[in-house]
2 protein chains.
Amino acid sequence: MAAKYKYPRPALTVDCVILGLDEDELKVLLIERGIEPYEGKWAIPGGFVVPGESVDAAARRELLEETGLKNVFLEQLYTFGDPDRDPREHVVSVAYYALTNLAGHEIKADTDARSAAWFAVHDVPELAFDHAKILEVALLRLQGKVRYQPIGFELLPRKFTLTQLQKLYEIILEKPIDKRNFRKKILSMDVLIELDEIQQGVAHRAARLYSFNEKEYRQKEKKGFSFEL
Amino acid sequence: MAAKYKYPRPALTVDCVILGLDEDELKVLLIERGIEPYEGKWAIPGGFVVPGESVDAAARRELLEETGLKNVFLEQLYTFGDPDRDPREHVVSVAYYALTNLAGHEIKADTDARSAAWFAVHDVPELAFDHAKILEVALLRLQGKVRYQPIGFELLPRKFTLTQLQKLYEIILEKPIDKRNFRKKILSMDVLIELDEIQQGVAHRAARLYSFNEKEYRQKEKKGFSFEL
DNA sequence: ACACTTAGTGTATTAAAAACACATAAAGTG
DNA sequence: CACTTTATGTGTTTTTAATACACTAAGTGT
């Protein structure tokens, strides 16, 4: 298992900021560290890159191992390479962010005796390493990207109401949106399928359900169409 | 110099896509490889990250060592982590892109007996490793970023004409721009200083020179202003 | 003085963003 | 079952921003 190299090299890890939507808050999945350094502190899930596996694959593997999540939106965020971000040695971390709908997948909480939990992104405990910074960058990226790429749908169940969708954007962008203008715009893009189905079990008029037409979007995209909110 | 670790780890490098503007073309600085693999092929300058130096610092160091460039715009691009991007072993590369004005700095061509040269970005020789991909990503990033951040100025001399600026945007975005609309918009942002100076040595009416008011821009930025072209 | 080249300038049209309010449907309550 | 509660669904006007478009001015070279 041990390895010898002609020149020293930094260690390489991946870390995944896993975001989910819960009612009217964005949440992030954190794990409690069981070992030093930062034992007992909360951290973004991650792990070492094994030579021979692509860094993307390492991120997917860690995501699966630590949370059981599969087939979710996962994208590279930024690489954090400060030599003192880890007190042990120089550890460079390639950070990713994942989007998932909190209601859909159950998170298997404990993988290796550590507990995992969702926290509101703006109310997290003190984080290990530079993970607070990583989370901050992830949220900024999400804010930037959600406006010109339809990645918001990853945070919703497959069938959703326009109100849910609007609320999602309001949460991410942290500003209110006009209902009529929002609906006009999103519907005019023709990337939503209006389902013959309405919301169940609500104590008021039930809203129509929609789903995102990814196929249609990909075709439009090829023809130069750009999703812009 | 040799190093031993408990677990194997990929090697870590930085690569810098260095872009410059030459008349009416974007150019990229490439170096000819003097050693295997890909000996004789052209490549983006780069090198190994030394433990203890931040990855950003490594990128700056390589930039300086290989080109003599200092104090230029340099930003992280993306991390390329495919295990077979280097035939020797798994080498993960954190790519950066740098912007500089070609006329301003002289590039010291030969550092370690390898030659360096500028190539038109859309007419480069076959590149080593996955460097063609890295270049492509860099150009896409530049196209995306130039529209909402005033990074284009990095490619121009400190004093420039509005026509030069417009041409720059036309080159990067690969589409023509209306002269009057362009001037109207860029001037309305109030981030250019109109100098009491005009172009010298041209065989026609000399254009007024301008410079970018970075200080003013930073202040506006804080107040929520966003540069958008 | 004339030809050539690029600089510099304003307005009208069109398209997109923003602002804004009420009737409707369904469930819950007494 | 009338009534209250709650969220749904829907158009028009106003304002702002984007686009389209053509001629005169200034300077160099012959």
Atom [atom1] of [X] and atom [atom2] of [N]: how far apart are they, to the nearest Å?
X       : N       : atom1 : atom2 : value
L162(A) : dT10(D) : CG    : P     : 9 Å
I198(A) : dA7(D)  : CD1   : P     : 16 Å
Q166(A) : dA7(D)  : CD    : C1'   : 12 Å
Y210(A) : dT8(D)  : OH    : P     : 12 Å
K175(A) : dA19(C) : NZ    : P     : 11 Å
E228(B) : dA17(C) : CD    : P     : 12 Å
D24(B)  : dT6(C)  : CG    : C1'   : 15 Å
L165(B) : dG8(C)  : CG    : P     : 13 Å

- Message: Counting only side-chain nitrogens and oxygens, does K184(B) get under 4.0 Å of the OP1 or OP2 atom of dT9(C)?
- Response: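 Negative; the distance criterion is not met.
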- Task: Considering just the side-chain nitrogens and oxygens of T163(B), establish if one lies under 4.0 Å of OP1 or OP2 belonging to dA7(C).
- Result: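 Looking at the OP1 and OP2 atoms of dA7(C), one of them is under 4.0 Å from a side-chain N or O of T163(B).
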- Message: Given the structure, check if the side chain of R180(B) and the base of dA22(D) hold any donor-acceptor pair shorter than 3.5 Å.
- Response: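 It does, because a donor-acceptor pair links the side chain of R180(B) to the base of dA22(D) below 3.5 Å.
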- Item | Presence of donor-acceptor pair under 3.5 Å, side chain of R205(A) and base of dT24(C) |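 Answer is yes: a donor-acceptor pair is held.
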- Task: Find which nucleotide of DNA chain C each of K179(B) and A206(A) is nearest to by heavy atoms, and output the residue with the more 5' nucleotide.
- Result: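 So the residue in question is K179(B).
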[Y] ring center within less than 6.0 Å of [X] ring center:
X       : Y       : result
F227(A) : F225(A) : no
F129(A) : Y38(A)  : yes
F160(A) : F153(A) : yes

- Task: Check every atom of dG8(C), dA17(C), dG9(D) against the side chain of K185(A) and return the nucleotide holding the closest atom.
- Result: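 Selected nucleotide: dA17(C).
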- Message: Please pick, from dC21(D), dG9(D), dA26(D), the nucleotide with the shortest atom-to-atom distance to any side-chain atom of N181(B).
- Response: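 The closest nucleotide is dC21(D).
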- Starting at the 5' end of DNA chain D, which residue's closest nucleotide do you reach first, A207(A) or D178(A)?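 Result: A207(A).
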- Message: Apply salt bridge (Lys or Arg N to Asp or Glu O under 4.0 Å) to residues K41(B) and E32(B) and explain how you reach the verdict.
- Response: CA-CA 6 Å; K41(B) 283 264 187 299; E32(B) 198 175 6; over 6 Å; no
- Using atom types as modelled and distance alone, determine if a side-chain donor or acceptor of D178(B) lies under 3.5 Å from a backbone N or O of N181(B).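 Judged by distance alone, yes, a pair lies under 3.5 Å.
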- Message: Taking any heavy-atom pair under 4.0 Å as a contact, classify R183(A): base, sugar-phosphate, or nothing.
- Response: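 Here R183(A) touches the bases of the nucleic acid.
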